[in-house]
Amino acid sequence: MCGIAGMLSKSKDLSQRKSLIENISESLKMRGPDGSGEFITPYAALIHRRLSVIDPENGAQPMRFGKYIIVYNGEIYNTDEIREELEHFGYEFETHCDTEVVLKAYHKWKERSCEKLNGIFAYAVWDDEEKELFACRDRIGVKPLYYAEKGGIFAFASRIKSLLLIDEISARVDEDGLNEIFMLGPASTIGKAVFRDINELPPASYLTYRDGKTSIKEYWSLEAKEHRESEEQTIERTHFLVTDAIERQLVSDAPLCTFLSGGLDSSIISEIAAKRFREKGEVLDTYSVDYVDNDKYFKSSLFQPNKDSDYIDMTADYIGSSHHNIVLDNTDVADALIDSAFARTVPGFTDVDSSLLLFCREVKKNHKVALSGECADEIFGGYPWYHNKDILFEETFPWSRSTDVRKSILRQGFLENGEEYAHSRYLETVKKTSYLDTDSKTEKRMREMFRLNLDWFMQTLLVRKDVMSMESSLEVRVPFCDYRIVEYAYNMPWSIKALDGREKGVLRKAFENELPYEIAWRKKSPYPKTHNPIYFARVCELTRRVLADKECPLYEMLNVKKVHELMRDPNALDAPWYGQLMRGPQVLAYIVQIYWWIKGNNVEFV
């Protein structure tokens, strides 16, 4: 994986902005500490930072072929097939890296080249003769790409922070941006980046920029199709697609490991990886995360019925991995809230972010690549809201069903249109859903839920995983995001997907003979969070410091009385803020992240 950025301008000589180019490159260093490169002319500047994983001796970027120059971030999992096809057309290759394949695929097929790629990627190709830029992002949106056009400059980057280094682009936030933070956060609307001057290139889209004109087109979308396979065939096909995706993503010239939570998804990945390692006479390393004294303070709930630690050792012993349990200090997790907010350049997923950041830093000490089990829940119906009929048909985001809890921490009258803003985003998403005329009411709603989860909850997790891992210079791959699995699962009848009345029933059935029964049929448990009161005490201390700064614009936005109430009683909220993991302590942590986001970026509200 890597970090990329670029600037284009007709009116400003970019070759005279070398110090800015260096600063942008430095801002991407954690995404690519192994090498750097620039392509600079008066009209265009392309910047690349490399985390070398495949063919580390070659593949330096920006890479040129004819009139085209590419900066690329990602991994392509069907590289060999595309290379062979291009060789059939007479192309020759000097490296084994996928960058050269992507570049020559663009030379051959232009914008249609992105349809050929199976992987996670964001890249930009500059046509040095036609003075045109092409930029593209993977179908699911695993790899980020942001862009801005302001003051005669068009710029793009893997990080929002990199764009804010450009004088013409400011850290201004309007009412829409505030609604994104307070009414939707830590989720965000696809295409938006909170800041008024900055946009996100949506997943499955490509951008062209020429003569001051920007055009964005979608090259892939979920399409409803009739599912013609039997239950048995569907189980077999699910097994093949998941196995193939995992095996394709085990290719690496750098040390590779897996994240293992003891749940179904990570256990499937780790089992298949361990098997392939054994075939080579090697032992797979697996990693899990926990918190000091978490067993002592754990309390079972509907969303988190049992501890991961009960199952991790069982899986590791079964697959024969060398397992490492990273135990995080609770005070460190709270203090890392600030680092994780700076890494995102926007407020984030509180301790779900900060703990992952600390975890990835530890994993990076011995490994450069990891596989993780994100996104199976979104596409195979793993979350409780898929199965609770009282929630299923509500016309709202199921993980954030009401804005009341959000409005309760805000000053009365602040963001009066917040509820309308959030609901309009919900309606826009549902409207994008593709149906069949033969869909029952339940099947139709399950397609809508799939779309909602894909565009919102899943994107939140993908941003989290990309930012926190790359901030640690660790590449994390997510096999369940293979678009072939996503397409197949979208059209799978709910009766098969929820086989035996269980969440992810078809996935469990597909792999039940390759895992211990207790793992294959274990009730879903989310990402582990700390239950230690030390964490809550430290978050309260950080919150008091926030409230002491009455000069910060945040103070005037908050219902300070309600915030103090939360500090006295973390259970004072009537409902979760977001999903299964953001409750009282996390709302306070979110306030801390918003504060440091404002201070760290000199945010101006307009």
Side-chain angles (χ1 to χ4, degrees), residues 29-31 33 161 186 257 259-262 285-299 304 307-309 312 323-367 370 372 461 463-474 476 526-548 566-567 570 577-578 580-597 599-600:
K29 185 176 181 179
M30 295 305 292
R31 295 188 71 91
K161 177 181 180 179
C257 64
F259 292 171
L260 177 62
S261 70
D285 284 285
T286 52
Y287 285 84
S288 61
V289 63
D290 206 348
Y291 308 85
V292 172
D293 288 336
N294 219 31
D295 282 358
K296 179 179 177 182
Y297 294 103
F298 176 82
K299 292 181 181 179
Q304 201 151 13
K307 302 188 297 292
D308 285 340
S309 56
I312 291 169
H323 188 69
H324 315 268
N325 186 38
I326 307 300
V327 181
L328 303 178
D329 179 84
N330 289 279
T331 301
D332 290 345
V333 172
D335 290 343
L337 290 167
I338 300 168
D339 285 348
S340 60
F342 286 165
R344 273 195 190 244
T345 329
V346 292
F349 214 160
T350 63
D351 53 275
V352 186
D353 275 1
S354 63
S355 60
L356 181 62
L357 177 62
L358 298 178
F359 176 60
C360 286
R361 286 176 179 172
E362 290 299 312
V363 175
K364 178 58 170 64
K365 291 178 180 179
N366 296 298
H367 291 84
S372 184
L461 296 180
V463 171
R464 164 185 174 259
K465 184 54 62 77
D466 174 82
V467 173
M468 300 309 142
S469 62
M470 295 305 291
E471 185 70 10
S472 310
S473 303
L474 176 71
V476 177
Y527 178 82
K529 70 175 183 178
T530 179
H531 300 271
N532 197 314
I534 291 175
Y535 170 78
F536 179 62
R538 179 58 174 163
V539 169
C540 287
E541 182 181 346
L542 295 173
T543 306
R544 280 190 286 271
R545 294 181 189 179
V546 170
L547 297 180
L566 274 177
M567 292 164 66
W577 176 279
Y578 186 85
Q580 308 159 67
L581 300 176
M582 284 187 74
R583 293 181 176 267
Q586 287 73 36
V587 172
L588 295 176
Y590 195 54
I591 291 170
V592 171
Q593 290 194 317
I594 294 171
Y595 174 81
W596 285 106
W597 164 68
K599 301 289 283 189

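What you see is a predicted model; the values in this text were computed from it and never measured.
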Contacts of Lys364 that satisfy salt bridge (charged side-chain N to carboxylate O under 4.0 Å, His left out) - sequence neighbours left out: none

Tyr287 side chain reached by Asn366 side chain, heavy atoms, under 4.5 Å: yes

Carboxylate-amine/guanidinium contact Arg538 Asp351, below 4.0 Å: no

Stepwise ring pair (Phe, Tyr, Trp, His ring centres under 6.0 Å) check, Phe359 with Phe259: CA-CA 10 Å; Phe359 176 60; Phe259 292 171; 4.9 Å; yes

Ring pair (Phe, Tyr, Trp, His ring centres under 6.0 Å): pairs with one or both residues in residues 327-347, sequence neighbours excluded: none

Leu356 side, atom CG; Arg464 side, atom CZ - distance, nearest 0.5 Å: 4.5 Å

Beyond-backbone contact of Met567 with Leu547, side-chain heavy atoms, under 4.5 angstrom: yes

Student check: side-chain heavy atoms of Tyr291 and Asn532 closer than 4.5 Å: no

Interatomic spacing from OG in Ser355 to NZ in Lys529 - rounded to 0.5 Å: 11.5 Å

Side-chain touch Trp596/Leu337, heavy atoms, less than 4.5 angstrom: no

Side-chain heavy-atom pair Leu461, Phe349 within 4.5 angstrom cut-off: yes

Heavy-atom side-chain contact between Arg31 and Asp466 under 4.5 Å: yes

